[in-house]
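Below: one structure, written as structure tokens.
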Amino acid sequence: MYVLLVVSLIPLSVASSTTTVKYYEKLTRQRISEAEFYNMPTNNNEFKVGIQSNTTHYYGSYDFVIVGAGSAGSVLATRLSEIDSYNVLLLEAGGEEDDFSQIPSMSFYLIFSDMNWGYFSTPQTNCCLGMKNHSCTVARGKALGGSSAINAMMYVRGNRHDFDKWVELGNSGWSYEEVLPYFIKSENSQVDGDPGYHGKGGFWDVAYSSPVSPLLSNFFNGSLQMNQPIVDYNGRKQTGSGRIQFTIKHGKRQSTGKAFLENARQRNNLKVRSKVLATKVVIDHTKTANQVQFVTNEKKFFVKAKKEIILSAGAINSPQLLMLSGVGPQSHLKSMKIDVIEDLPVGMNLKEHPMFPGLIYNTNYTLSGLSTEEFVKGFLKGLGPYTKTAGTDGVGFIHTGGNAVPTIEYLFAPPAGNISKILTKSFNFNDDLTNKMLNKIDPQRSILIYLVLLHPKSRGRITLKSNDPLDFPNVDLNMFEEEEDIDTFIEGIEFIRDLFATDAFRKIDARRVEIPVCKELRNKYREYWGCVIRQMTNTIYHPHGTTAMGPDKKSSVVDGSLKVHGIKKLRVVDAGVFPTTLSGHLNAPTVMVAEKIADTIKREYKFS
Ligand SMILES: Cc1cc2nc3c(=O)[nH]c(=O)nc-3n(C[C@H](O)[C@H](O)[C@H](O)COP(=O)(O)OP(=O)(O)OC[C@H]3O[C@@H](n4cnc5c(N)ncnc54)[C@H](O)[C@@H]3O)c2cc1C
Ligand SMILES: *[C@@H]1O[C@H](CO)[C@@H](O)[C@H](O)[C@H]1NC(C)=O
Ligand SMILES: *[C@@H]1O[C@H](CO)[C@@H](O)[C@H](O)[C@H]1NC(C)=O
Ligand SMILES: *[C@@H]1O[C@H](CO)[C@@H](O)[C@H](O)[C@H]1NC(C)=O
Ligand SMILES: *[C@@H]1O[C@H](CO)[C@@H](O)[C@H](O)[C@H]1NC(C)=O
Ligand SMILES: *[C@@H]1O[C@H](CO)[C@@H](O)[C@H](O)[C@H]1NC(C)=O
């Protein structure tokens, strides 16, 4: 067994002078209250004047034009601009990260800020039933760093069999053995992981948040009693329980904007243009992508690409941009009055990771109330509850139904302060469900378990509302269309029930706190849980697969080197290209994909 509980003392990165403490105290207070009153945008009207402008300005010519400075785009821009002779333009709709967004525990508040696009799902019939309008929140980062600038920073690569499956589906080069070096390349690991699986000296810090809650020890002991070994889940064996590895550095968020782009931006051959909306890829009669049209809040531009245009706008916006440019399902584009250039299944097969937050346990352990001042002081030393998301310390993976890959992930969040209000708000719970949940959570005592379905069978879809780039796309999550997904979740719930019945949890008097929903079904086990799951499940904000890679134009959008089928000089490089669901989170695999394709591109163009 690995001894993962050693608390490593992280060196002081910032002098915690009184003024700095006061500054962060004020900043958090102010931004928390701003989040409470934030009005989500419902369209891209901030760019309306630019769109309506009658003059189109020429923005010049670059070797590579990359749309989106998110997890993939930041890495690609960084790696391509390592070649002096390449001229790279990176276009990003959002702006800079700030001091508030660097505080890991504040990540849920960023959903209610201009660093999030502001999407919600279309009203659902099988899921999101406890949400306002039956709509789930669909958070998407809009900043340098993209979704990695607002995400929960968990570093979870996925399972070796996931990537081997990509090869089975006809995408050579993506086996686990071939992608592992790219995971390692990015990483500057501070965790005591399995030898041979982690990188040192890469751009991206991966570390534990310290100290952990004393309850993590109960979690590990209980896991062992459930035959779940304590593992480095990014190492030799994923199945088991482990301490969460985060993309943080000295307790601060390490988005790809910070880790990769911040240094690369100094290069003369990389231009980063923020606060611009790309509205169209111009594809000529030879089916070659030549130009990108984009707008600022007042002007309209076009830019030429000499070598390639690369869409890294994410699994929702890259499909939107492709469809606006004439690449997508023929009948849908026709109904939107868009000329069809290439008929491809863009936006179809939306995969997600449903997340059920409905398991709460109280014990006789009480977190002693810490003040904001103490939290800030800890944070400035790189320590304490402000350095992790929602108090999460532990994670684990189990298999159900004899699958080779884990099907259920469980996140273990001991009490870590007063976060329940922003949690329920972020899930878009209706007032009734919000009250029911808030009444049951004791901020100083309640352990929250988040269950994640890693390989759901149900599929959603991204479509256009109209041919106007100012309109948000439709996101139809369609979770739990397949009943099997409910059954898998119930197996996860049963595992957690048994985990909390082990001696390790008995000895602290662990008891489930039932949220009073679906009470009328209390006597019908399967129906009861089905109802609770459909009420309370949101996603973990992992859309993927909407521009999947594969050899076949009928079922995929890009080929194994991520070139759009049938179109020259156009690639998609982001979480949309994953051809399967993954047994992990998406940030690390997205960065891996960008690292690998950067090498592919450098080889193709022979550094010239
Ligand atoms: C709240 C939240 C929590 C998450 N938690 C985790 C976690 O803990 N661990 C994990 O591994 N993953 C997590 N994820 C998922 C992970 O962050 C994403 O899957 C990953 O960042 C996706 O990378 P990407 O490059 O595909 O897209 P993104 O990082 O979203 O990048 C797309 C970029 O393109 C820009 N863009 C889009 N359209 C346009 C346009 N038309 N013009 C110009 N720019 C445009 C966007 O503003 C954005 O910056 C989370 C995501 C969210 C939202
Ligand atoms: C653009 O042209 C249209 C039609 O000629 C005109 O109605 C509109 O006012 C013009 N817009 C601007 C911003 O000049
Ligand atoms: C529900 O949807 C309607 C129509 O789309 C919208 O006007 C209303 O604001 C929505 N309500 C909430 C609470 O989101
Ligand atoms: C977990 O198990 C170890 C080894 O048996 C024991 O020393 C430790 O006290 C246990 N921790 C808790 C919280 O029960
Ligand atoms: C929790 O935060 C809310 C505001 O979000 C506040 O009203 C409440 O007093 C806080 N509770 C505790 C125990 O700190
Ligand atoms: C928690 O409960 C257990 C078992 O009932 C008991 O032995 C222990 O002393 C309690 N701890 C606290 C802090 O109350």
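Order of appearance sets the numbers: ligands from 1, and atoms from 1 within every ligand.
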(request) Distance to 0.1 Å, residue and atom name: give those for the protein heavy atom nearest to atom 13 (C) of ligand 4. (result) S217 OG, 3.3 Å
(request) For atom 31 (O) of ligand 1, find the nearest protein heavy atom and state the residue, atom name and distance (0.1 Å precision). (result) G70 CA, 3.2 Å
(message) Quick check on side chain to side chain contact (heavy atoms under 4.5 Å, CB included): which of Q254, K388, M153 does I248 satisfy it with?
(response) M153
(message) Among H542, M355, H544, M154, which one puts a heavy atom closest to atom 9 (N) of ligand 1?
(response) M154
(message) Quick check: N151 and ligand 1, any N/O pair under 3.5 Å apart?
(response) yes
(request) Could you tell me whether ligand 1 has any atom less than 4.0 Å away from a heavy atom of V276? (result) yes
(message) Quick test: of every protein heavy atom, which one is nearest to atom 3 (C) of ligand 6, and how far off is it to 0.1 Å?
(response) K507 O, 3.3 Å
(message) Just to confirm my output: which protein heavy-atom neighbour is closest to atom 35 (C) of ligand 1, and how far is it?
(response) E92 OE1, 3.3 Å
(request) Kindly check if the number of other-residue, nucleotide or ligand heavy atoms within 6.0 Å of NZ (K465) is above 12? (result) yes
(request) Between G158, G314, P589, flag the one that comes closest to atom 27 (O) of ligand 1 by a heavy atom. (result) G314
(request) Write out the residue and atom name of the closest protein heavy atom to atom 53 (C) of ligand 1, then the distance separating them to 0.1 Å. (result) A139 O, 3.3 Å
(request) Run down the list S71, A149, A69 and name the one with the heavy atom closest to atom 23 (O) of ligand 1. (result) S71
(message) With the threshold set at under 4.0 angstrom, would you say V156 reaches ligand 1 through any of its heavy atoms?
(response) no
(request) Tell me which one of G94, G576, A278 gets a heavy atom nearest to atom 40 (C) of ligand 1. (result) A278
(message) Please check whether S147 reaches ligand 1 - meaning an N/O of the residue sits under 3.5 Å from an N/O of the ligand, judged on distance alone.
(response) yes
(request) Kindly state whether the ring of Y59 and the ring of F294 have centres lying under 6.0 angstrom apart. (result) yes
(request) Distance to 0.1 Å, residue and atom name: give those for the protein heavy atom nearest to atom 38 (N) of ligand 1. (result) N317 ND2, 2.9 Å
(request) May I ask you to establish whether K271 and Y62 are in a cation-pi arrangement, using a distance under 6.0 Å from NZ or CZ to the six-membered ring centre and at most 45° from the ring axis? (result) no
(request) Say whether A575, considering both its backbone and side-chain N or O atoms, lies within less than 3.5 Å of an N or O atom on ligand 1. (result) yes
(message) If you measure every N or O of M153 against every N or O of ligand 1, does any of those distances drop under 3.5 Å?
(response) yes
(request) Kindly give the heavy-atom pair with the smallest separation between K249 and D205, and that separation in Å. (result) CG-OD2, 3.6 Å
(request) Provide, to 0.1 Å, the distance between atom 51 (C) of ligand 1 and the closest protein heavy atom, together with that atom's residue and name. (result) Y541 O, 3.4 Å
(request) State the atoms of ligand 1, each with its element, that fall below the 4.0 Å cut-off from a heavy-atom position in G68. (result) 33 (C), 34 (O), 35 (C)
(message) Please tell me whether T580 and W166 have a donor and an acceptor in their side chains that are separated by less than 3.5 angstrom.
(response) yes
(request) Indicate yes or no: does an N/O atom of N364 lie under 3.5 Å from an N/O atom of ligand 6? (result) yes
(request) Inspect the surroundings of NZ in K425 and state if more than 12 heavy atoms from other residues, nucleotides or ligands are less than 6.0 Å away. (result) yes
(message) Which residue and atom name correspond to the protein heavy atom nearest atom 19 (O) of ligand 1, and how close is it?
(response) L586 CB, 3.2 Å
(message) Give me the residue, atom name and distance of the protein heavy atom closest to atom 36 (N) of ligand 1.
(response) W117 CZ2, 3.7 Å
(request) List the closest protein heavy-atom neighbour of atom 10 (C) of ligand 4: residue, atom name, distance to the nearest 0.1 Å. (result) N221 ND2, 2.4 Å
(request) Name the closest protein heavy atom to atom 44 (N) of ligand 1, giving the residue it belongs to and the distance to 0.1 Å. (result) A93 N, 3.1 Å
(message) Under 3.5 Å between any N/O of K142 and any N/O of ligand 1: does that happen in this structure?
(response) no
(message) Need the ligand 6 atom indices (1-based, order shown) with element for anything under 4.0 Å from a heavy-atom of D509.
(response) 2 (O), 5 (O)
(message) Using a 3.5 Å cut-off on N or O atoms only, is A72 in polar contact with ligand 1?
(response) yes
